[in-house]
Amino acid sequence: MVMQVLQKTQTIVRYQNDNGEIYYGIVEDDKILQLSSTFMEVLNNELKYDGIRVKYSDVKILEPVAPSKVVNFGWTYAAHAKETGGKANLKEPFLFLKPASSLIPDHGDIILPSSDLTKQVEMEGEVALVIGKRGKNIKEEEALDYVFGCTIFNDVTARDLTKKDPQFTRGKGFDTFGPLGPCIVTGIDPTNLHIVTTLNGKVVQDGNTNQMSLSIPFLISWISKVMTLEPGDVLATGSPSGSCPMKSGDVVSVEVENIGKLSNYVI
């Protein structure tokens, strides 16, 4: 049956059950209402509830989408730009992409590369946007209409490499350097969300998307003039200040109001 949507806001997860089957579902407290809908049907709000409820803790939560691309906007927060050797208050963002092979889900392991490759791996907690419909040359005033929902991203970075390489692909692109999730939340305003990143329970980043020097609608419009945005694409909007090194045995968590918490282990 098609679920009647009574709330503007929905919390959507992608998960795998004990039989290896992958579903989308709607989170309600500690349960998930399992959907038979495809991803495109979910995007179109065609939520087909198949009558099954599963416990959140009984399934493996996956990355909420399998994007065609992960677009990252750098130095969108002035203080973070300064602390990482970038330029504050740019008129255009510093742009880079992450490969799909970097993505891991909530509670996935961040695997540190060997010390002969990098000696300084840091976290960057961010709000990420999930694109809901195809868009090219999007007008800034219409940009938020292309956002299906918001999720959380940790832009794990080999800082010693980004400081010496002419571009960021190597320092940003290692396997497991893109924790994403745990869910997509629809119907919330991405332009005013509180972000807190903790390392082993200690707050290291504390910011808000309203502190960005470049607005989210501007970023969506700007990137759509360069590349066509496809449904499911992820746009990571940049990190507040406070990024710091991680080591094996650490736990890093990024919590965003109205979305949830993304936690990962470092090994």
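Any value given below was found using the heavy atoms of this structure, including those in side chains, with hydrogens, waters and symmetry copies removed. Every value quoted in this text rests on a predicted model; they were computed, and no experiment measured them.
- Applying the 6.0 Å contact sphere to NZ of Lys136 captures more than 12 heavy atoms from other residues, nucleotides or ligands.
- A donor-acceptor contact shorter than 3.5 Å is absent between the side chain of Asn264 and the backbone of Asp109.
- Separating the CD1 atom in Ile110 from the CG atom in Leu112 is a distance of 8.0 Å, to the nearest 0.5 Å.
- Val127 and Phe94 fall into different hydrophobic clusters, defined by Ile, Leu, Val, Met, Phe, Trp and Tyr side-chain heavy atoms under 4.5 Å apart, directly or through other members.
- One N or O on the side chain of Ser224 and one on the backbone of Ile138 form a donor-acceptor pair closer than 3.5 Å.
- Inter-residue side-chain proximity for Val70 and Leu97 is flagged as unmet; no heavy-atom pair is nearer than 4.5 Å.
- The minimum heavy-atom distance between Leu35 and Gly25, with the atom names listed, is CG-CA, 4.0 Å.
- Minimum heavy-atom separation, Pro93 to Leu214: N-CD1, 3.5 Å.
- At least one side-chain heavy atom of Phe174 sits under 4.5 Å from a side-chain heavy atom of Leu161.
- Salt bridge Glu83/Arg159: absent, no basic N to carboxylate O contact under 4.0 Å.
- No side-chain N or O of Glu140 forms a donor-acceptor pair with one of Ser221 less than 3.5 Å apart.
- Classified by interplanar angle (parallel below 30°, tilted 30° to 60°, perpendicular above 60°), the ring pair Trp75/Phe168 is perpendicular.
- No donor-acceptor pair closer than 3.5 Å links the side chain of Thr11 to the backbone N or O of Val27.
- Of the charged side-chain nitrogens involved, none lies within less than 4.0 Å of a carboxylate oxygen, so that Asp160 and Lys163 do not count as a salt-bridged pair.
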Between Lys55 and Lys31, is a side-chain contact (heavy atoms from CB on, under 4.5 Å) present by the stated rule, with each step listed?
-> CA-CA 5 Å; Lys55 284 190 67 174; Lys31 298 289 196 303; 4.1 Å; yes
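- Between the Ser102 side chain and the Thr176 main chain, no donor and acceptor come within less than 3.5 Å of each other.
- Of the N and O atoms on the side chains of Asn258 and His194, not one donor lies less than 3.5 Å from an acceptor on the other residue.
- Two residues are said to be in side-chain contact when any heavy atoms from C-beta on lie closer than 4.5 Å; Pro190 and Thr209 fail this criterion.
- Of the possible polar contacts, one joining the Asp106 side chain to the Ser263 backbone as a donor-acceptor pair under 3.5 Å is found.
- The two residues Asn72 and Ala236 have their closest heavy-atom pair at ND2-CB, 3.5 Å.
- Cluster membership check: Met212 shares its hydrophobic cluster with Phe218, using side-chain heavy-atom separations under 4.5 Å among Ile, Leu, Val, Met, Phe, Trp and Tyr.
- Nearest heavy-atom pair across Lys247 and Val266 is O-CG1, 3.3 Å.
- By the neighbour-count criterion of 12 heavy atoms within 6.0 Å, atom CG of Asp29 is sparsely surrounded, having that number or fewer from other residues, nucleotides or ligands.
- The shortest distance between side-chain heavy atoms of Arg53 and Gln34 does not fall below 4.5 Å.
- Side chains of Tyr15 and Ile32 form a contact here, defined as non-hydrogen atoms less than 4.5 Å apart.
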Trace of the side-chain contact (heavy atoms from CB on, under 4.5 Å) decision for Val254 with Glu126 = CA-CA 8 Å; Val254 185; Glu126 308 187 6; over 6 Å; no
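- Between the side chains of Lys172 and Thr157, a donor-acceptor pair is found at a separation under 3.5 Å.
- Looking at Gln205, its side chain does come within 3.5 Å of a backbone N or O of Pro240 through a donor-acceptor pair.
- Between the CG atom in Leu193 and the CD1 atom in Ile188 there is a gap of 5.0 Å [rounded to 0.5 Å].
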Can Tyr146 and Leu129 be said to form a side-chain contact (heavy atoms from CB on, under 4.5 Å), step by step?
-> CA-CA 10 Å; Tyr146 287 79; Leu129 314 174; over 6 Å; no
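- Linking ILVMFWY side-chain heavy atoms closer than 4.5 Å, directly or via other members, places Leu62 and Val59 in two distinct hydrophobic clusters.
- The closest side-chain heavy-atom distance from Thr191 to Ser215 is not below 4.5 Å.
- Atom-to-atom distance recorded for Arg134:CZ and Thr228:OG1 is 5.0 Å, nearest 0.5 angstrom.
- The environment of Lys133 atom NZ is dense: over 12 non-hydrogen atoms of other residues, nucleotides or ligands sit within 6.0 angstrom.
- Here the CG atom belonging to Leu33 is positioned 9.0 Å from the CD atom belonging to Gln10, to the nearest 0.5 angstrom.
- By the criterion of side-chain heavy atoms lying less than 4.5 angstrom apart, applied directly or through intervening Ile, Leu, Val, Met, Phe, Trp or Tyr residues, Ile216 is grouped together with Ile195 in one hydrophobic cluster.
- With contacts defined as side-chain heavy-atom distances shorter than 4.5 Å, the pair Lys98/Val234 does not qualify.
- Remark: the backbone N or O of Glu28 is not paired with any side-chain donor or acceptor of Tyr56 at under 3.5 angstrom.
- By the 6.0 Å contact criterion, CG on Asn137 is enclosed, its count of non-hydrogen atoms from other residues, nucleotides or ligands being greater than 12.
- Note that OG1 of Thr118 and CZ of Arg170 are 8.5 Å apart. Values are rounded to the nearest 0.5 Å.
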side-chain contact (heavy atoms from CB on, under 4.5 Å) between Phe148 and Val42, worked out = CA-CA 10 Å; Phe148 172 66; Val42 171; 3.9 Å; yes
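- Put simply, CZ on Phe96 and OG1 on Thr169 are 9.5 Å apart, with the number rounded to the nearest 0.5 Å.
- The backbone N or O of Thr198 sits nowhere less than 3.5 Å from a side-chain atom of Ser253 that would complete a donor-acceptor pair.
- Put simply, the side chain of Phe153 reaches to within 4.5 Å of the side chain of Leu103, judged on heavy atoms.
- The hydrophobic cluster containing Val54 does not contain Tyr24, counting ILVMFWY residues as joined when their side-chain heavy atoms lie under 4.5 angstrom apart, directly or transitively.
- Residues Cys244 and Leu199 come closest through the heavy atom pair SG-CD2, 4.1 Å.
- Side-chain N or O atoms of Ser68 include none that pairs as donor or acceptor with a backbone N or O of Asp233 at under 3.5 Å.
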Trace of the side chain to side chain donor-acceptor pair (under 3.5 Å) decision for Asn210 with Asn208 | CA-CA 5 Å; Asn210 63 21; Asn208 192 297; 3.2 Å; yes
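- Considering all non-hydrogen atoms of both residues, Asn89 and Ala78 come closest at OD1-CB, 3.9 Å.
- Side-chain atoms of Asn44 never come within 3.5 Å of backbone atoms of Glu46 as a donor-acceptor pair (strictly under, hydrogens ignored).
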